[in-house]
Amino acid sequence: YLSMDPLKVFIIDDEEHARIALKTKISENPLFEFAGEGEGITDSLKLLKDLEVDLIFLDVLIRQGDAFGFLQKLKMVKKSLPAIVINTAFAQFEYAQKALNEFGEAVIFILEKPFLDAWDQKEEEIIEKAINYRRKELPFTDKKYKLRTENSTFLIPFEEIISIATDDDKPSAGKQIFNTEKY
């Protein structure tokens with residue numbers, strides 16, 4: 001994760017203390033960059049219209065409506081949805097599940113309140129899922145990694161690459177070790 005740009009995060013919650021708590025946790029992690037916040041549908045859409053973000057923490061119930069109404073309107077404004085973390089109280093869990101069903105891949109995590117309980121574990125999972133979601137959204141010109149050896153060229157689909165490493169004994173030799181789903 002260290003070589004990547006931080007995930008730009010936007011928070012939407014009508015409860016100020018919830019926004020402050022999330023903003024505080026986000027600012028403590030160098031893999032996150034706070035990009036803005038909103039209380040409801042109208043102000044958040046206005047801010048997000050010209051703002052590129054990677055991840056939105058979205059409360060189920062917000063000013064002017066709910067997460068579903070907001071996501072439907074955001075889909076009309078943006079060509080693709082950023083990764084979404086739905087914030088919910090236990091009583092609203094069915095609501096959050098509906099968002100997961102309706103907005104499929106974009107909803108990467110349901111964060112139950114109080115969301116600061118076991119935050120480190122939740123944060124790690126959110127980061128991993130947001131990075132994977134962002135990778136799926138990246139436009140690749142040919143979506144394959146070209147690996148050349150002395151005698152052959154292999155075209156390996158990016159989604160099949162699990163890891164790439166160099167030979168630690170002789171880094172200048174240019175040896176790369178690939179771990180893919182097939183090889």
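What you see below is based on every heavy atom in this structure, not just the backbone, and it leaves out hydrogens, waters and symmetry mates.
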(Q) Assess the residue pair Glu125 and Lys129 against the criterion (salt bridge (charged side-chain N to carboxylate O under 4.0 Å, His left out)); give the C-alpha distance rounded to whole Å, side-chain angles, the decisive distance to 0.1 Å, and a yes or no. (A) CA-CA 6 Å; Glu125 190 174 342; Lys129 289 181 174 191; 3.1 Å; yes

* **Intermediate values then yes/no, salt bridge (charged side-chain N to carboxylate O under 4.0 Å, His left out), Asp54 and Lys8** => CA-CA 5 Å; Asp54 300 302; Lys8 291 181 179 77; 5.1 Å; no

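Here the side chains of Gln72 and Lys75 are not in contact, with every heavy-atom distance at 4.5 Å or above.
For Asp59 (side chain) and Ile62 (main-chain N/O), no donor-acceptor pair under 3.5 Å exists by modelled atom type. In this structure a side-chain-to-backbone donor-acceptor pair under 3.5 Å is missing from Asn87 to Leu111.
Minimum interatomic distance between Pro30 and Pro6 (heavy atoms only, all atoms of both residues): O-CB, 3.6 Å. A pairwise comparison of heavy atoms in Phe34 and Ile26 identifies N-CG2, 4.2 Å as the closest pair. Here the closest non-hydrogen pair linking Ala35 and Leu51 is O-CD2, 3.7 Å. In terms of heavy-atom proximity, Thr88 sits nearest to Ile110 at CG2-CG2, 3.6 Å.
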For residues 40-50, run the donor-acceptor check on the side chains, cut-off 3.5 Å, and write out each pair with its distance to 0.1 Å, sequence neighbours left out.
{"from": "Asp43", "atom 1": "OD1", "to": "Gly40", "atom 2": "N", "distance (Å)": "2.8"}
{"from": "Asp43", "atom 1": "OD2", "to": "Glu39", "atom 2": "N", "distance (Å)": "2.8"}
{"from": "Ser44", "atom 1": "OG", "to": "Gly40", "atom 2": "O", "distance (Å)": "2.7"}

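In this structure, Trp119 and Phe57 have tilted ring planes: the angle between them lies in the 30° to 60° band.
Distance check, rounded to the nearest 0.5 Å: CD1 of Ile84 to CG of Leu55 gives 7.5 Å.
Judged as a salt bridge (charged side-chain N to carboxylate O under 4.0 Å, His left out), the pairs with a partner in residues 20-33 (not counting sequence neighbours) are, in order, Lys23-Glu37, Lys25-Glu28.
Remark: Glu52 engages Lys78 in a salt bridge, criterion side-chain N to carboxylate O under 4.0 Å.
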